[in-house]
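Data first, discussion second: the structure below is written as structure tokens.
In this text the structure is predicted, and so the values were computed from the model without any measurement. Index from 1, following the sequence.
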Amino acid sequence: MSQAAAYANAASAKVVEITAHRAASLLSNGRVLTENESIATRRAEGVADILRGLGTNPASIRVRVVPEVTKPDGVSDPQKRLLTIRVTP
């Protein structure tokens, strides 16, 4: 995150978009446990707070959550809970 903040600050970024991707987990009993949207929102807001703390212009930061949930496979489910940070100079 420090690299994203450094780039955003050096480029005087107009927009720093933080996108949280939700996921689901396939449990051993075959049931699917879907991540609550509020958890993804808190994850993205936490990153936004860190970027602000690193000097990124608060007015440039946008947070969004992808509402669609990636279908679980029971193997790579945790890796699908991710964030992307896109900096637009």
Side-chain angles (χ1 to χ4, degrees):
M1 280 186 277
S2 60
Q3 290 178 331
Y7 176 70
N9 298 340
S12 298
K14 290 181 176 44
V15 177
V16 177
E17 184 177 76
I18 302 164
T19 303
H21 299 266
R22 294 172 59 208
S25 294
L26 182 61
L27 304 178
S28 60
N29 65 3
R31 295 182 64 195
V32 173
L33 179 65
T34 302
E35 180 180 32
N36 188 301
E37 189 170 337
S38 68
I39 295 171
T41 300
R42 283 190 304 231
R43 190 168 58 245
E45 289 291 348
V47 169
D49 288 343
I50 292 169
L51 291 176
R52 287 183 199 100
L54 291 171
T56 303
N57 179 2
S60 69
I61 297 174
R62 308 280 185 274
V63 172
R64 79 180 190 97
V65 176
V66 176
E68 296 82 22
V69 177
T70 306
K71 184 177 178 176
D73 61 14
V75 177
S76 63
D77 300 335
Q79 289 84 10
K80 296 173 187 170
R81 287 180 195 90
L82 57 95
L83 287 167
T84 55
I85 302 172
R86 183 172 58 178
V87 177
T88 304

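- Glu37 is listed as a side-chain neighbour of Arg22, based on a closest heavy-atom distance under 4.5 Å.
- The shortest non-hydrogen separation linking Val63 to Ala44 is CG1-CB, 3.4 Å.
- For Arg52, the side chain to side chain donor-acceptor pair (under 3.5 Å) partners are Asp49, not counting sequence neighbours.
- Using a 4.0 Å cut-off between a side-chain N of Lys or Arg and a carboxylate O of Asp or Glu, Glu17 and Arg62 do not qualify as a salt bridge.
- Across all non-hydrogen atoms, the minimal contact from Ser2 to Leu54 is CA-CD1, 3.8 Å.
- Closest heavy-atom contact between Val87 and Ala4: CG2-O, 4.2 Å.
- With values rounded to the nearest 0.5 angstrom, Lys80 atom NZ is found 12.5 Å from Glu35 atom CD.
- Asp73 contributes atom CG, which lies 9.0 Å from atom CD of Gln79 (distance to the nearest 0.5 angstrom).
- Residue His21 holds its NE2 atom at 5.0 Å from CG of Leu82, rounded to the nearest 0.5 Å.
- Atom CG of residue Leu26 and atom NZ of residue Lys71 lie 9.0 Å apart, to the nearest 0.5 angstrom.
- Under the 4.5 Å side-chain criterion, counting only non-hydrogen atoms from C-beta, Arg86 is not in contact with Thr19.
- Under a hydrophobic-cluster definition in which Ile, Leu, Val, Met, Phe, Trp and Tyr are linked whenever side-chain heavy atoms come within less than 4.5 Å, directly or via other members, Ile50 and Ile85 are assigned to the same cluster.
- In this structure, Asn57 and Asn9 approach most closely via the heavy-atom pair N-OD1, 4.4 Å.
- Residues Ala24 and Pro72 share a closest heavy-atom pair of O-CB, 3.4 Å.
- The salt bridge (charged side-chain N to carboxylate O under 4.0 Å, His left out) check on Arg81 picks up nothing, with sequence neighbours excluded.
- Residue Leu51 comes nearest to Ala5 through the heavy atom pair CD2-CB, 3.8 Å, listed as atom of the first residue, atom of the second, then distance.
- Residues Met1 and Tyr7 are members of one and the same hydrophobic cluster, defined by side-chain heavy-atom contacts under 4.5 angstrom among Ile, Leu, Val, Met, Phe, Trp and Tyr.
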